[in-house]
Amino acid sequence: MLLILLAGVAAGALNAVGGGGSFVALAALVAAGMPPVTANATTTVALLPGNATSAWVYRREIEGLAEPSIGSVTLASVLGGAIGAGLLLLLPSASFDAAVPWLLAFATVVLVFGRRLTAALRLGRPGPAVILAGQFLLAIYGGYFGGAVGLMMLAFWTATTTLDPARGNPLRVIQVAAVYLTAAVIFVFAADVLSQPLHLVALLAGAVIGGYAGAHLVRRLPPTMLRGLVLTTAVLMTGLFFVRAFG
């Protein structure tokens, strides 16, 4: 329980400073013997309060995309998160088990090369409908798996709008919380996240502590240090899951 609590603290802090917290939380729960699908659903539920805590800290610093509105983008996140959560529950669990290492690898590639791809693939200024469609698809991915979805959102906004990645972090936290909100509601009632309540409570409590502390810490640490921390976590967790799957 102590290790899961500490994993929650680390996950909440990582999500507050730049994303990647689900890597740590998912790995901790799977290591504790939880099936991957249940662990993924539990991670989503447990990290929601931490994301909400970070969002509260950032509430006065949220900067929108100009067009579409924050409300429209949030609605796309909520609806997409619900669909992604439904896919996780409806598709065979064996499919998710086999996909986890590759999903982690994909998320890690986005973490490592996302900025370069964003710079290389400047998409101009698409209309609000295109931005909302992209946000909706990202939210589906977030509801199904969630790894690095916040960073994918930042990369997408940077490529399609004038929002700067540094100034977009508060909006990222809000949108990830919106995705997790509907997914968490579905998981609580339709998944097995309540079958191991102590694991859930320990991870949740740690995520709240880490989310609050991380949102304050991000203002003090150099961006390069924060990015290095997230990347290191992603690479290590991806390697561990590949070893578990194919070792």
Side-chain angles (χ1 to χ4, degrees), residues 10-25 43-44 47-81 84 106-108 110-115 117-119 131-132 134-143 145-184 207 210-219 221 223-227 229-231 233-234:
L14 284 171
N15 279 344
V17 303
S22 56
F23 288 93
V24 178
T43 295
T44 299
L47 295 186
L48 173 61
N51 276 273
T53 302
S54 299
W56 173 256
V57 175
Y58 285 131
R59 67 190 183 281
R60 294 187 180 90
E61 303 172 27
I62 299 171
E63 185 170 337
L65 302 175
E67 197 176 18
S69 67
I70 291 180
S72 299
V73 174
T74 304
L75 179 60
S77 297
V78 168
L79 295 177
F106 172 69
T108 301
V110 171
L111 287 172
V112 175
F113 299 107
R115 292 185 177 181
L117 291 174
T118 296
I131 297 174
L132 287 176
Q135 184 68 22
F136 179 68
L137 293 175
L138 288 172
I140 292 176
Y141 167 82
F145 179 61
V149 66
L151 292 150
M152 293 179 189
M153 289 180 186
L154 274 179
F156 176 65
W157 299 335
T158 303
T160 57
T161 73
T162 58
L163 185 66
D164 180 80
R167 293 182 287 112
N169 195 51
L171 182 62
R172 175 192 65 81
V173 172
I174 294 293
Q175 296 309 314
V176 171
V179 171
Y180 281 4
L181 175 61
T182 47
Y212 182 82
H216 286 285
L217 183 65
V218 71
R219 298 165 176 165
L221 292 180
T224 52
M225 182 181 294
L226 296 176
R227 180 171 171 77
L229 180 62
V230 174
L231 290 178
T233 301

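The residues of the chain are indexed from 1 along the displayed sequence.
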Worksheet item: In chain order, what residues pass the ring pair (Phe, Tyr, Trp, His ring centres under 6.0 Å) check against Y212, with sequence neighbours excluded?
Response: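 Only H216 meet the ring pair (Phe, Tyr, Trp, His ring centres under 6.0 Å) criterion with Y212.
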Over all heavy atoms of both residues, which pair between [X] and [Y] is shortest? Give the atoms and the distance, please.
X	Y	result
F156	I131	CE2-O, 3.4 Å
A76	F136	O-CD1, 3.7 Å
T182	G81	OG1-C, 3.8 Å
L47	A11	CD2-CB, 3.7 Å

Worksheet item: Out of N51, L171, L138, which one pairs with V176 under the side chain to side chain contact (heavy atoms under 4.5 Å, CB included) rule?
Response: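 Among N51, L171, L138, the one that satisfies the side chain to side chain contact (heavy atoms under 4.5 Å, CB included) with V176 is N51.
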Discussion item. The criterion is side chain to side chain donor-acceptor pair (under 3.5 Å); which residues satisfy it with S72, sequence neighbours excluded?
Written reply: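 Applying side chain to side chain donor-acceptor pair (under 3.5 Å) to S72 gives S69.
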Item to complete: For S77, enumerate each residue passing the side chain to side chain donor-acceptor pair (under 3.5 Å) test, keeping only those at least two apart in sequence or located in another chain.
Response: Q135, Q175
Item to complete: To the nearest 0.5 angstrom, please state how far the CG atom of L48 sits from the OG1 atom of T53.
Response: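 Here the interatomic distance stands at 9.0 Å.
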Discussion item. For L75, give me all partners under side-chain contact (heavy atoms from CB on, under 4.5 Å), at least two apart in sequence or on another chain.
Written reply: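 side-chain contact (heavy atoms from CB on, under 4.5 Å) list for L75, sorted by chain: L79.
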Fill in: A55: side-chain contact (heavy atoms from CB on, under 4.5 Å) partners, not counting sequence neighbours
V173, I174
Discussion item. Quick check: do V149 and V179 have side-chain heavy atoms less than 4.5 Å from each other?
Written reply: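 Not touching, per the 4.5 Å side-chain cut-off.
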